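This report concerns only the one structure given below.
Throughout, numbering of the chain's residues begins at 1 and tracks the sequence. Both ligands and their constituent atoms are indexed starting at 1 by order of listing. All of these numbers come straight from a predicted model, not from anything done at the bench.
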Amino acid sequence: MDLNFTPEEIAFREEARRFFRTEIPAAIRAKVAEGEGLTRDDMITSQRILNARGWAVPNWPVQWGGQDWSPIQVYLYQDEMQQADCPPPIAFNASMVGPVIAQFGSEEMKQRFLPATANADIFWCQGFSEPGSGSDLASLRTKAERKGDKWIINGQKIWTTLAQYADWIFCLCRTDPSAKQQEGISFILIDMKTPGITVRPIYTIDGGREVNEVFFDNVEVPAENLVGQENKGWDYAKFLLGNERTGIARVGNSKAKIARIKHLAALEFAGEQPLIEDPRFQEKLAAIEVELKALEMTQLRVVSDERKLAKGKQNPASSILKLKGSVIQQQLTELLMEVVGPYAMPYQRDFDGNNEPVVGPGYATEAAPMYFNYRKVSIYGGSNEIQRNIIAKAILGL
Ligand SMILES: Cc1cc2nc3c(=O)[nH]c(=O)nc-3n(C[C@H](O)[C@H](O)[C@H](O)COP(=O)(O)OP(=O)(O)OC[C@H]3O[C@@H](n4cnc5c(N)ncnc54)[C@H](O)[C@@H]3O)c2cc1C
């Protein structure tokens, strides 16, 4: 494995660095750096700037706005984007529903949805999980019954990220209850304005509103909103999940967090000396940096293997990236709590009626919400226990 970048790759990295740091508004990047929630407008603004540059959906077929990049270019693009605290393209649009429509949708469906999805004219959300069907997704029960030229949808989705912002939802629905679990599921696109849909917030432990329950009560959906073939939805869902292979490690984000932690640790004191000079703190930070370096090397190894993999086929090594990446992200949020020390305690984001001034330095307010919010990273996208099962079976052959 040759880990040296070619001169063209180095030039590409520099171009990406300059673009993300100059074209994406600083106010939006500051929100990402500080762990503040982005508004719908922030996400759409950022995605449209990327799209104007041709960089919103590089993973799509070139015909639909994708880039014919090498896996190394994809890696450099993600790494620079994450290190610049640039919001990634809306995942539901760019990495999830877009590639599925491009691969399995009719020509008419592609024309209708792909340009609008790339430009975030449509904001999508993902309706897969249900109460009791998360890790065991194939047991999902939301039903779609064919009546003439419509589907009638009944059921409930849960943990639907940003459903409150979404114009459309892509759903896995059971269309053949008598078939084997995986063989009776279809992939259906649903306009969120359709009568019979109710979105209810679930407030997270950090006080944020990011996830929701979505209820379907006799929701009528045009038959043509079925993607591909009836009862083949499980295959499309596997293709969708196979698309996110390396960016999931979020190495660039963790590099940005380490830089921020170092900056803040130089401002805080441990006794007489800046915290950054405290040997015990240095030891903890170095241990995480070493782990991150090892993860980056693993990521590059996976990237170099990508060339041999068929598109849409899951590389089991991505489970290692997800697992280690999430552990490191959580460790960094813990370290940030240590940096701000007792000032992490008094702050409660969005606490009703809280009009008191912030106690401690302004940057202390980001630590506790981020620490609590990041409990999610070892759950979504397949929990860490599930990743361990995959590693045991598919990599270690146990
Ligand atoms: C912040 C956040 C955002 C999300 N966004 C979305 C979204 O937009 N759309 C969407 O469809 N879903 C979304 N999800 C749902 C996510 O995919 C599920 O939470 C996840 O798949 C786990 O499912 P579950 O919550 O039902 O837990 P369960 O599957 O019930 O798991 C509970 C516990 O049991 C463990 N477990 C389960 N099965 C096994 C096993 N076979 N072996 C060992 N341990 C096991 C799990 O690891 C976990 O610790 C989101 C979740 C979170 C936390």
- Close-range residues for ligand 1, whose non-hydrogen atoms fall below the 4.0 Å threshold: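 Residues near ligand 1: Phe92, Gln126, Phe128, Ser129, Gly134, Ser135, Trp159, Thr160, Thr161, Val211, Lys376, Ile379, Tyr380, Ser383, Glu385, Ile386, Asn389.
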
- Message: Please confirm whether the ring centroid of Trp64 lies under 6.0 Å from the ring centroid of Phe113.
- Response: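 No, ring centres 6.0 Å or more apart.
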
- Query: Please, which pairs that meet ring-ring contact (aromatic ring centres under 6.0 Å, His included) have at least one residue in residues 7-50, sequence neighbours excluded?
  - Reply: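 Applying ring-ring contact (aromatic ring centres under 6.0 Å, His included) to every pair that reaches into residues 7-50, excluding sequence neighbours, yields Phe12-Trp55, Phe12-Trp69, Phe19-Trp55, Phe20-Trp55, Phe20-Tyr77.
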
- Within residues 197-238 or reaching into it, pairs that qualify as ring-ring contact (aromatic ring centres under 6.0 Å, His included) - sequence neighbours excluded: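 Passing the test, one end in residues 197-238: Phe104-Tyr236.
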
- Task: Assess whether salt bridge (Lys or Arg N to Asp or Glu O under 4.0 Å) is satisfied between Arg48 and Asp121, documenting all intermediate values.
- Result: CA-CA 9 Å; Arg48 289 192 180 152; Asp121 299 334; 2.9 Å; yes

- Item | Note: Lys255-Asp79 ion pair, threshold 4.0 Å (strictly below) |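 A salt bridge is present here (some side-chain N lies under 4.0 Å from a carboxylate O).
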
- Query: What residues, two or more places apart in sequence or in another chain, satisfy ring-ring contact (aromatic ring centres under 6.0 Å, His included) together with Trp151?
  - Reply: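 For Trp151, no residue satisfies ring-ring contact (aromatic ring centres under 6.0 Å, His included) once neighbours in sequence are set aside.
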
